[in-house]
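As the structure lists them, so they are numbered: ligands from 1, and atoms in each ligand from 1. The analysis underlying the following values was restricted to heavy atoms, covering all of them including side chains, and did not include hydrogens, waters or symmetry mates.
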Amino acid sequence: MAHRVAVIAGDGIGPDITAAALKVVAAAGVELETTVFDVGADRFLRDGHVLDDDDLAAIASHDAILKGPLGPPIGDKQIPGGTIERGIILKLRFALDQYINLRPFEGKGLEFVVIRENTEGSYAGEGGFLRKGTPHEVATQGSVNTRHGVERCVRFAFELAMTRQRRHLTLVHKTNVLTFAGDLWQRTFNEVAAEYPDVATAYNHVDAACIYFVEDPQRYDVVVTDNLFGDILTDLAGAVVGGVGLAGTGNLNPERTTPSMFEPVHGSAHDALGTDKVNAAAQIMAAALMLEFLGEADAGARIRKTVSSVLATNPVPSTIGDAVAAAL
Ligand code: IPM
Ligand code: MN
């Protein structure tokens with residue numbers, strides 16, 4: 001039976017790279033029944049809507065979501081900053097309880113995975129203003145960490161580490177300064193670790209991890225961290241393995257009670273639109289992750305291998321999608 005996939009093509013280069021990814025999936029022989037959802041910057045400019053409840057309900061009835069990058073051009077003045085990001089991307093992650101952000105990185109001889117907590121931390125929207133607009137204005141932005149949220153994320157990371165050859169898991173945080181959130185993460189990590197004696201563990205402060213990612217990335221196998229540290233570290237990780245243009249990501253609901261969402265780590269790159277710099281590799285990798293999550297492990301692995309071999313020939317970025325589809 002065809003998998004039912006909700007498609008959000010995205011803004012900027014999104015529609016091009018999403019079309020390329022769907023072409024690659026078809027070339028790999030996997031049948032999808034797609035529903036295209038009109039959400040993104042264009043829709044917002046047209047009717048002021050980001051993601052309505054009926055959009056959300058319709059999307060939720062699918063097996064998975066393939067999403068392109070969303071967001072207006074950098075410097076855009078028509079859409080208030082963050083409207084699209086919070087109104088669509090974060091809303092989907094939170095509403096569909098996609099609590100794991102799985103970010104695998106491969107390239108330059110490196111292969112590691114970052115597990116980013118995806119529903120809490122500084123992204124939760126806790127905080128507010130006092131005396132806004134006055135010289136004595138106060139802004140707070142809390143980081144929300146629940147035992148439930150941290151533990152399910154840490155457990156997922158240990159389970160993933162168990163499936164890998166090195167069975168190594170590093171917790172990244174800032175326990176020396178973030179004494180409440182860091183303490184909860186560290187205690188939870190240590191307690192769960194006791195259930196996984198076969199997984200070797202390490203801890204890095206996030207600032208030190210930034211140095212290691214650049215100078216000694218081989219040390220990493222699986223990394224687990226909170227939402228904001230994970231956001232920043234995975235852009236760095238993308239750059240370290242050869243460019244964030246190659247990184248696909250899965251926003252997972254591991255229990256499969258709601259659809260998981262697959263997207264590129266990079267943004268909508270409006271400036272590349274129509275040029276030969278439009279690179280579908282990350283979106284194709286996202287589609288491969290989606291297939292693997294949908295039980296099409298074989299097709300997913302074949303796509304990922306083909307992307308690697310096509311990239312090894314240094315192609316013009318805009319030709320990658322066709323080249324991968326042809327090679328399959
Ligand atoms: C990402 C993006 C998003 C995030 C933005 C667009 C809200 O940077 O997926 O990494 O911060 O999570
Ligand atoms: Mn990011």
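Only protein N, O or S atoms were considered, and those under 2.8 Å from the Mn ion (ligand 2) are D231 OD1.
Where the criterion is an N or O separation shorter than 3.5 Å, residue side chain and backbone included, D231 meets it with respect to ligand 1. Geometrically, ligand 1 and E85 share no nitrogen or oxygen pair separated by less than 3.5 Å.
Within the structure, ligand 1 lacks H266 among the residues with a heavy atom less than 4.0 angstrom away. The shortest separation from a heavy atom of R86 to ligand 1 is not under 4.0 Å, leaving the residue out of contact.
In this structure, I232 places its CD1 atom where more than 12 heavy-atom neighbours from other residues, nucleotides or ligands lie under 6.0 Å away. In Q165, the CD atom is not crowded: 12 or fewer heavy atoms of neighbouring residues, nucleotides or ligands sit closer than 6.0 Å.
Regarding atom 1 (C) of ligand 1, its nearest protein heavy-atom neighbour is R103 NH2, 3.4 Å.
A salt bridge links D231 with R116: at least one charged nitrogen is closer than 4.0 Å to a carboxylate oxygen. The pair R43-D47 counts as a salt bridge, with a side-chain nitrogen and a carboxylate oxygen less than 4.0 angstrom apart. With respect to R166 and E111, no salt bridge is recorded, no charged nitrogen being found less than 4.0 Å from a carboxylate O. Look at R152 and E117 and you find no salt bridge, because none of the NZ, NE, NH1 or NH2 atoms lies under 4.0 Å from a carboxylate O. Under 4.0 Å is where a charged nitrogen must lie from a carboxylate oxygen, and between E137 and R131 no such pair does.
A side-chain N or O of Y99 and one of E255 form a donor-acceptor pair less than 3.5 Å apart. Side-chain contact check for E263 and N251: at least one donor-acceptor pair (N or O, by modelled atom type) lies under 3.5 Å.
Here R116 has side-chain heavy atoms under 4.0 Å from ligand 1, and that is the only part of it that gets that close.
Of all atoms in ligand 1, listed by their number and element, those nearer than 4.0 Å to a heavy atom of Y123 are 4 (C), 11 (O), 12 (O). Close approach of ligand 1 to I89 (heavy-atom distance below 4.0 Å) involves ligand atoms 6 (C).
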Show your working on ring pair (Phe, Tyr, Trp, His ring centres under 6.0 Å) between H205 and F229 and close with a plain yes or no.
CA-CA 10 Å; H205 291 320; F229 293 147; over 10 Å; no

